[in-house]
Amino acid sequence: MLKLGILEYLGLRGEGIAVLKNILIVVSDIEKSKAFYQEYFGLIVKNNFGENVILTEGLVLQEQKIWEQLIETHTVIGNASELFFLESNLDAFLCKIEKYMSESGQVMNVRVNSWGKRVVRLTDPDGHIIEVAER
């Protein structure tokens, strides 16, 4: 049986619609960032090109110095966007991330959304905002 992607299923492939493949964030230390996303979010390295690493879930980490060479300008990295994760066991995640939060000076503030799901917001080593909600 042939598996179709959602665009093919809807009959939209080839109609000039672009497909989002990856999300790239610029980081100051590729090894530190790679370890962070592996340890706390279970992401796995799919491709490692040194200063550019592609993780599962489509997240790409790009070393700042290489990014600046590509775009030929200085870049400020950090909290201009948000990564969003769903977690099936938020309590286990909170226990796992507690030491990182404390060491990085962040306060763990778990709140409940209007639809009744708990959520926590934190930042990665470069200040990128991450929101983790219970599934």
Side-chain angles (χ1 to χ4, degrees):
M1 181 173 182
L2 180 65
K3 290 177 120 177
L4 295 177
I6 188 67
L7 292 178
E8 289 88 357
Y9 176 77
L10 295 173
L12 298 175
R13 179 63 81 205
E15 298 292 324
I17 296 176
V19 177
L20 179 63
K21 176 113 173 91
N22 297 96
I23 300 294
L24 182 144
I25 60 173
V26 178
V27 299
S28 60
D29 183 329
I30 198 85
E31 293 303 320
K32 187 175 183 178
S33 294
K34 184 170 59 172
F36 173 82
Y37 285 100
Q38 287 176 315
E39 181 176 351
Y40 297 113
F41 294 94
L43 301 184
I44 299 167
V45 174
K46 289 174 61 176
N47 297 96
N48 188 341
F49 304 108
E51 291 96 354
N52 180 287
V53 175
I54 301 173
L55 303 171
T56 50
E57 304 302 321
L59 182 61
V60 178
L61 308 175
Q62 176 75 63
E63 187 87 36
Q64 182 177 12
K65 63 183 176 188
I66 300 301
W67 179 250
E68 289 176 348
Q69 289 173 5
L70 289 170
I71 65 169
E72 300 177 343
T73 190
H74 176 71
T75 302
V76 177
I77 55 178
N79 64 2
S81 60
E82 178 180 270
L83 299 175
F84 180 76
F85 291 87
L86 287 174
E87 175 60 57
S88 57
N89 187 341
L90 189 62
D91 291 323
F93 175 80
L94 294 173
C95 287
K96 182 167 60 170
I97 200 79
E98 184 175 20
K99 182 179 178 193
Y100 168 77
M101 297 279 290
S102 175
E103 289 174 352
S104 62
Q106 299 181 55
V107 176
M108 189 164 319
N109 183 15
V110 179
R111 60 185 171 83
V112 178
N113 285 330
S114 59
W115 52 91
K117 295 292 185 175
R118 294 179 304 152
V119 63
V120 64
R121 185 171 281 138
L122 59 133
T123 60
D124 75 359
D126 284 301
H128 297 102
I129 299 169
I130 300 170
E131 185 170 289
V132 181
E134 63 187 345
R135 191 178 305 262

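All values below come from the heavy atoms of this structure, side chains included, with hydrogens, waters and symmetry mates left out.
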Item checked: Backbone N/O of Val26 and side chain of His128: donor-acceptor pair under 3.5 Å -> yes

Check: Quick one: side chain to side chain donor-acceptor pair (under 3.5 Å) partners of Asn113, sequence neighbours excluded?
Finding: Arg111

Note to self: Could you check whether any side-chain heavy atom of Ile25 comes within less than 4.5 Å of a side-chain heavy atom of Leu61, counting everything from C-beta outward?
What the structure shows: yes

Item checked: Minimum side-chain heavy-atom gap Val53-Lys46 below 4.5 Å -> no

Check: Side chains of Ile54 and Val45: does their closest heavy-atom pair fall under 4.5 Å?
Finding: no

Check: Roughly how far, to the nearest 0.5 Å, is the OG1 atom of Thr75 from the NZ atom of Lys65?
Finding: 14.0 Å

For residues 30-42, dump all side-chain donor-acceptor pairs below 3.5 Å to protein atoms at least two apart in sequence or in another chain.
| from | atom 1 | to | atom 2 | distance (Å) |
| --- | --- | --- | --- | --- |
| Glu31 | OE1 | Lys34 | NZ | 3.2 |
| Glu31 | OE2 | Lys34 | NZ | 3.4 |
| Ser33 | OG | Asp29 | O | 3.3 |
| Ser33 | OG | Asp126 | OD2 | 3.4 |
| Tyr37 | OH | Asp124 | OD2 | 2.7 |

Check: Tell me, which pairs form a side chain to side chain donor-acceptor pair (under 3.5 Å) where one or both residues lie in residues 96-106, sequence neighbours left out?
Finding: Ser104-Gln106, Gln106-Thr123

Margin query: Are Leu70 and Val60 linked, directly or through intermediate hydrophobic residues, by side-chain heavy-atom contacts shorter than 4.5 Å (ILVMFWY only)?
Written below: yes

Note to self: Suppose the criterion is side chain to side chain donor-acceptor pair (under 3.5 Å): which pairs have a residue in residues 53-64, not counting sequence neighbours?
What the structure shows: Asn52-Gln62, Gln64-Glu68

Check: Got a second to check how far Ile44's CD1 is from Leu55's CG, nearest 0.5 Å?
Finding: 9.5 Å

Notebook entry, point to check: Shared ILVMFWY cluster between Val112 and Met108, side chains joined below 4.5 angstrom?
Noted result: no

Next item on the list: Begin from the C-alpha positions of Val110 and Val119 and carry the test side chain to side chain contact (heavy atoms under 4.5 Å, CB included) through to its verdict.
Entry: CA-CA 6 Å; Val110 179; Val119 63; over 6 Å; no

Pairs of donor and acceptor atoms involving the side chains of residues 77-94, under 3.5 Å and at least two apart or interchain, shall be tabulated with distances.
| from | atom 1 | to | atom 2 | distance (Å) |
| --- | --- | --- | --- | --- |
| Glu82 | OE1 | Arg121 | NE | 3.0 |
| Glu82 | OE1 | Arg121 | NH2 | 3.1 |
| Glu87 | OE2 | Asn89 | N | 3.2 |
| Asn89 | OD1 | Asp91 | N | 3.4 |
| Asn89 | OD1 | Ala92 | N | 3.1 |
| Asp91 | OD1 | Arg118 | NH1 | 2.9 |
| Asp91 | OD1 | Arg118 | NH2 | 3.2 |

Next item on the list: Using the test side chain to side chain contact (heavy atoms under 4.5 Å, CB included), find all partners of Leu20 that sit at least two apart in sequence or belong to another chain.
Entry: Ile23

Margin query: Do Ile129 and Leu43 land in one hydrophobic cluster if side-chain heavy atoms of ILVMFWY residues count as linked below 4.5 Å?
Written below: no

Next item on the list: Compare all side-chain heavy atoms of Leu122 with those of Met101 and state whether any distance is below 4.5 angstrom.
Entry: yes

